[in-house]
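Throughout, protein chains are lettered first and strands after them, A, B, ... in sequence-line order, and every chain is numbered starting at 1.
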Number of protein chains: 2
Amino acid sequence: MSSKLFVSAQEVAERAGVSRSAVSRTFTPGASVSADTRRRVLEAAEALGYHVNHLARGLMRNESGIVCLIVSDVATPYRSALLRELTLQLQNAGKVAMLINTDRSDGSVDRALRQAIRYRADASVILSGLPDKSITQLCLRNGQRLVLINRDDDQPGPLKINLDDYESGGRIATAFVRAGCRTLAFANSEAGTPSLMGRERGFIAAAARLGIEVIVERYGWTGYEAGKVLAQRMLTRTERPDAVFCATDLLACGFMDAARHQFGISVPDQLCIAGFDDIEQASWSSYDLTTFAQPVSMIASHAVEWLSKAENADGEDHSVRLTAELIWRGSIRGG
Amino acid sequence: MSSKLFVSAQEVAERAGVSRSAVSRTFTPGASVSADTRRRVLEAAEALGYHVNHLARGLMRNESGIVCLIVSDVATPYRSALLRELTLQLQNAGKVAMLINTDRSDGSVDRALRQAIRYRADASVILSGLPDKSITQLCLRNGQRLVLINRDDDQPGPLKINLDDYESGGRIATAFVRAGCRTLAFANSEAGTPSLMGRERGFIAAAARLGIEVIVERYGWTGYEAGKVLAQRMLTRTERPDAVFCATDLLACGFMDAARHQFGISVPDQLCIAGFDDIEQASWSSYDLTTFAQPVSMIASHAVEWLSKAENADGEDHSVRLTAELIWRGSIRGG
DNA sequence: GCACCGTTTGCACACGCTTGCAAAGCGACC
DNA sequence: GGTCGCTTTGCAAGCGTGTGCAAACGGTGC
């Protein structure tokens, strides 16, 4: 639609007095070009403002350099931190990120993957939601790499990166008991994600081993407001908990704010709180929240390394388990 | 490199017993295909798992459907909120977002724009940094649309979306004075962005009209930690301010935390605080921060509308000024 | 001069798609 | 039946690039 079109390799070739192939080879690392023609081509390209057309290149090479990031709740602290790390490391690996937001409308992960196929993305990274088996099969059949982060799926083919949610739940339970807490609670959302449920189950199991039954509540979406509601529900019980593990830092922040400002409860003296994710706000002095840090950078590097690998070792089951690091702060007594 | 290639329109055509053009037309809205062939093509496509190759389509149409979002500090609350809105609205407009992260290494905005050109992006939206004039000219010459958000540049050609930073600064100054404050301060970062400086100048000017000289400090990058440092600097002065306007909510949160937890100052009784952006944390009850809401959704819709417009009215100067809405909360006395 | 070898270069085809153009099909009307 | 008009269809020419292949080149060693 533009009056002036982009400048093509042909024009550069004419100006440099060489063939079009020479231009192409100049911009293809490892191709055979003499130093002299290379220089002349580069000069002409610079003068004309030439840039290789990656659409055409991708068409030829059958490799676009595009990696699709499929994600909902982009504006959430944890998600955006992961997004940051992924884009950065992808760029370092010479790839470029295509961002597909799957907020609103369910089943849109499938739609997103279709979009990834249309743009012939070399790979897709799924940070949220779970795709239908048929569509992932379609992706894999077309040679598209797939990475599932914290999705805990059992489909063979994609790389699956997960955390030790269950064990983390256990660790925090013993930490609570060691801090002298006796009435343990778990605050969860209704999302029912495998990672969230893993934390819950691990926490309950470890408490059971210590002879403690855990109060569990689930409400709403995994955000600040839900944390407040959960606090209202749990702190008005006759047997009020003196320690609560929130499935997420956002929940924990909401819970803590409600406990302090609506119930006048002091943290950690009367109530110990722990969260998960280690979002930036967890370190803010208003919260000073003990939590588990997701190894965001390591997650990203595993993902990027896998999807840049030339060899597609089909058939094997690729799955990575990383451990979340317990960040000890002031929301639990006796650090 | 994959053993099996993607399925092409040719294969669909053969299976459906029609020509390749028929397949192409079936997937081109508004093209002339009979209902019968259309049905047969769709059936064959579904069976084979065919998806139009947007790289090839973009090559032909000279219109990729890709929009580049160039942004640093992706994990920041305000930026990620804007990102969320942009991706969502772009998708609704039938575009797809390519995310380029310009953290680390300066001048990378230019590199990002080059990347946008390589992928023949229809447009680029710049959320941070400022590109060199030569490179924006190159983009415009190639028919690539450009949107600058809060960059306050004077280059003709791109759409420039800005806020009434200066006026907002003025409004908050009078609000402080009306609340009985007498010693006004402005906490800024050293970034020196036009929007940040606009708020500062507007605040100072309005205070001057009321006969008040403003204490100004600038430090570091526009984040929580910088806010803490600024508090340390300002609250140890002999003439301690009783109202501070922070250029950003993140600064304000840090400032408030330091004021309360390190200096034992009560907000808003002894110190009124205001911020800018209305990030989610501003509404959290630990902060309850009076601030200006950026009209994120409107910013995004202006950007998307402009870059989907068919007509490229060259020569005209396109610039939009939006007003930030004052969100009145508890960090200023007497709301 | 000639055979040999390694490097550089150009030709031409392929990638998967869109689209102008003309031919074909189909009714309807005189 | 012939003419006109409209819709549908296939052909083929591109879009900008990568790359195999063979020819051209340039330098050795005899």
Distance in angstrom units between B/Y119 OH and D/dT17 C1', rounded: 14 Å
Whole-Å distance separating the CG atom of A/L48 from the P atom of D/dG16: 14 Å
Minimum heavy-atom distance B/I161-B/H302, with the two atoms named: CD1-CB, 3.8 Å
Qualifying side-chain hydrogen bond (donor to acceptor under 3.5 Å, both in side chains) pairs with a residue from residues 43-55 of chain B, counting only residues at least two apart or across chains: B/R39-B/E43
Test item: A/V125 and A/I70 side chains (from C-beta on) under 4.5 Å apart, heavy atoms: no
Side-chain ion pair, A/D103 and B/R84, N-O less than 4.0 Å: yes
Phosphate-side-chain proximity, B/Y50 and C/dC17, N/O vs OP1/OP2 below 4.0 Å: yes
Salt bridge present between A/R40 and A/D36 (N-O < 4.0 angstrom): yes
Donor + acceptor pair across side chains of A/Q155, A/D153 (<3.5 Å): yes
Protein-nucleotide distance (A/L55, atom CG; D/dG18, atom C1'), rounded to Å: 15 Å
Whole angstrom value for the distance that separates P of D/dG18 from CG of A/N62: 14 Å
Integer-rounded Å distance: D/dT17 P and A/N53 CG: 5 Å
For atom CD of B/E14 and atom P of D/dG10, their distance in whole Å: 13 Å
Residue whose nearest DNA chain D nucleotide is more 5′ - A/A9 or B/M60: B/M60
Atom pairs under 3.5 Å: protein N/O with N/O of nucleotides 7-10 of chain C:
residue	atom	partner	partner atom	Å
C/dT9	OP1	A/S34	OG	3.1
C/dT9	OP1	A/T37	OG1	3.2
C/dT9	OP2	A/S34	N	3.1
C/dT9	OP2	A/T37	OG1	3.2
C/dG10	OP2	A/S19	N	3.0
C/dG10	OP2	A/S19	OG	2.9
C/dG10	N7	A/R25	NH2	2.9
C/dG10	O6	A/R25	NH2	2.7

B/R57 CZ - D/dG16 C1' separation (whole Å): 18 Å
Integer-rounded Å distance: D/dT17 P and A/R120 CZ: 20 Å
